[in-house]
Every structure is written in structure tokens, then in C-alpha cells.
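Here's the structure we're looking at; comments come further down.
Here is the naming used below: chain letters follow the sequence lines, and residue numbers restart at 1 for every chain.
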Amino acid sequence: MPELPEVETVARDLRGLVLGATIVGARCAWPRTLRTHDPDRFAAAVAGRTIERVGRRGKLIVVELSDGVALTIHLKMTGRLSLAPATAADDDHLRLAFRLEDGREIRFSDTRKFGRVGLYERDQLSGELVEPGEGGPLFARQGPEPLEPSFTLRAFRTRLRGHRGRLKPLLLDQSFIAGIGNIYADEALWRARLHPLRAANSLRPPDERRLHEAIRAVLAEAVERRGSSVRDYRGPMGDGTMQGQLAVYQRTGRPCPRCGRPIRRLVIAGRASHVCPGCQRLPRAARAAQEAVARSASAAAGAD
DNA sequence: CAACCGACCTGTTCGC
DNA sequence: TGCGAACAGGTCGGTT
């Protein structure tokens, strides 16, 4: 659930609370939270190191420590960070805690246990942050940052035209653009008046321009509002107000803010998508192709 | 390159 | 009221 705006908010809050603090130990209640390390080695690797930077790349929170060590935290759907006195009781879903020198703890709680924490070290030869073992460089799989100035319309067009697939799954692909999830994919497509099943390389130049603008505008507005607090994403380090601005996400049956038609829910690549049937139309040709796919799928199912 | 599926997890909501 | 099914969805790995 946390996407770029929510992760950015958590990273900023965390930065303000722990920058300059020194970690003295770590305890792990669910070892699989750690991507590559066992709890003892992990605790030994972070102990004694100081928090020098807290940032974000895509949906990853990146905590740089002294001596060229970096932590990455992926909240996935239900991960949360909080600060608490080390003496405070653990909550039911505590997975990992970093003890700080000043008596506080950074706590990572995660109901569904999907969240992951990685530990990287600077490679002597390349100077890049790498995971021990065969893990690649830290950001190898992350696409461009949509809010960076380098994410230009021109760059976006070039990338879009290299894909024949449908828009919705493409927007969710972190190697295509980093940080977009189901909420902001649906909202950006609605703002751009584009149907999620449109083929990426079928857009006309004005469509591309609207989509580029919609992605940047919806993400920037959401960052300003500290993200959307919806379902699992709530709590002391991430309450936002963007949920009140959402036009389609989880608003099935309610009127489109632009044209009043009831929002529809469809499933694309196994995920819910929310679209306005009035504002987001498939062109005739794409619609015919889509119906042919649906027919052959139901024929295959029926033949079984 | 593209599409799809199962796996990973648990809490909440829905239909009967 | 109770109970199981469906759903929530980010990402990876495997298959077609």
C-alpha cells in the first residue's frame, strides 16, 4: 500500500527523528525480515554505526550508516516504522528493532510479514553499495524517479514507445518508473483520461503528454499531503490526507468527479483497477482486440 | 518482450 | 451467529 508519497513521508519523518543517532544493537523477531543476513550477523554489522543519511529510492527507504554501510527498508503492504523508548512494550507485529545509543528504538512492525530489510556495503572496487553474496548493486532494478527533473516528457515518451504491453501493468513495473503502486496508477490514468488496457505504444503524443503530467502532478500533490491513509497504511509516522482527493481508487459505483458516471472496477493482471467508463474509453480498435482476447479466454475456460 | 500464476502472509469483509 | 471464501496488493520466480 505505501507507494512513493507514503514512503517519502515516512523517510522524511524518520530522518528528522534519527539523523546523527548511533545504533548500538538490533533484535529481530522474524528472521525472514532480513533479506540476506541472519539476526546475529545483522546485529553485529549495524552495531556502533551512525545514521548519516535517510532517503528514498522508489518505494525503498534507504538509511546510510557510517563506514559505507546502508540499510534498505521495504514496507511492502503493511510495514510500519515507529520510534519508542526501548523499555516500551513490543506490539504484536514487531519484526525488527534497532536500539539507539540514547535509549530509543527504531521499530519495524509488519502484520503480513512481507516487508524486507536489506544490508549493503560499499564495494571496494566499484564503489557501489552491494549486498553480500551474489546480490547486485543496490538500485539495479529501479526505474527513473518520476519527480526528478530528469524525468522529462521526452524521456518518458522514449520509454513508453518501447513497450507493447498495457498501461496499467507497465505503470506498476518498478523498473519502468520507480514508486508507483495501485492507487496512483489508477489515479494517474484517470487524470490523463486513459484506459488502463491501452497499449503503451498506441498513445498519441497528446496522450503521452497528459500521462506524463498526470503522474507527476498526482505524486507531487500526494507528497504534499503526506500520502493517502487508506486501509493498512496509517499510524504515527505516516498519516496523510490524500485519500480525500482520490477520484477513482476504491470508489467503485460512486460518481466520477469529472462526469458523474459510476466508477467501475475491473481486474487487470490479477489486480483491481478503477476506471471511469465515461472519461477513460478504449479506442474502437483496442476495444475489439480486447473483446477477442476475452472471448478466447472464456472459450478456453468453457472447453475445459 | 509479454502475460499469467503461485507464493509469501494475516486481518477484514462478504456471502450464505 | 458462524464459517469459509474472497480480498487487500508489492514483488519475485517460474512457465507458457
Please indicate yes or no: is the ring centre of A:F114 less than 5.5 Å from the centre of the six-membered base ring of C:dT11, with the two planes inclined by under 30 degrees? no
In terms of side-chain heavy atoms of A:Q250, which of C:dA8, B:dG11, C:dC12 is nearest? C:dA8
Under 3.5 Å: donor-acceptor pair, side chain of A:E145, backbone of A:G58: yes
Atom pair distance, as rounded to whole Å: CZ in A:R35 and P in C:dG13: 9 Å
Is NZ or CZ of A:R95 both nearer than 6.0 Å to the six-membered ring centre of A:F108 and within 45° of the ring axis? no
Nearest whole angstrom, please: distance from the P of B:dC8 to the CG of A:L75. 22 Å
Could you state the atom-to-atom distance from CG of A:N182 to P of C:dA8 in whole Å? 9 Å
For B:dT10, does OP1 or OP2 lie under 4.0 Å from any side-chain N or O of A:K113? yes
Give one of base, sugar-phosphate or nothing for A:R265, where a contact means two heavy atoms less than 4.0 Å apart. sugar-phosphate
Just compare C:dT11, B:dT10, C:dC12 and give me whichever is closest to any side-chain atom of A:R141. C:dC12
Let's see if you can work this out: which of B:dC1, C:dT11, B:dT10 has an atom nearest to the side-chain heavy atoms of A:R164? B:dC1
Salt bridge present between A:R122 and A:D67 (N-O < 4.0 angstrom): no
Inter-nucleotide C1' distance (B:dC8, C:dC3), Å rounded: 24 Å
Have a look at A:R32 and say if it touches a base, only the backbone sugar-phosphate, or nothing, with a 4.0 Å heavy-atom cut-off. sugar-phosphate
Could you state the CG-P distance from A:D92 to B:dT10, rounded to the nearest angstrom? 12 Å
Nearest-angstrom distance, P atom, C:dT11 to B:dG11: 22 Å
Pairwise P distance, C:dA6 and B:dC5 [rounded to whole Å]: 15 Å
Let me know the distance between CE of A:M77 and P of B:dT10, rounded to the nearest Å. 12 Å
With the threshold set at 4.0 Å, does a side-chain nitrogen-carboxylate oxygen contact exist between A:R41 and A:D38? yes
Short side-chain N/O contact from A:Q174 to OP1 or OP2 of C:dG10, under 4.0 Å: no
Would you mind reading off the distance between A:L60 atom CG and C:dT11 atom C1', rounded to a whole angstrom? 11 Å
OP1 or OP2 of C:dT11 under 4.0 Å from side-chain N/O of A:H74: yes
A:D110 CG to C:dA8 P, straight-line distance once rounded to whole Å: 19 Å
Cationic tip of A:R112 within the cone over A:F114's six-membered ring, i.e. under 6.0 Å and within 45° of the normal? yes
A:H163 or A:R271, whichever maps to the more 5' nucleotide of DNA chain B: A:H163
C:dG10 P sits how many Å from A:L4 CG, rounded? 13 Å
Tell me which nucleotide among C:dT11, C:dG10, B:dT10 gets nearest to the side chain of A:H93. B:dT10
Close side-chain approach of A:T72 and A:R116, heavy atoms under 4.5 Å: no
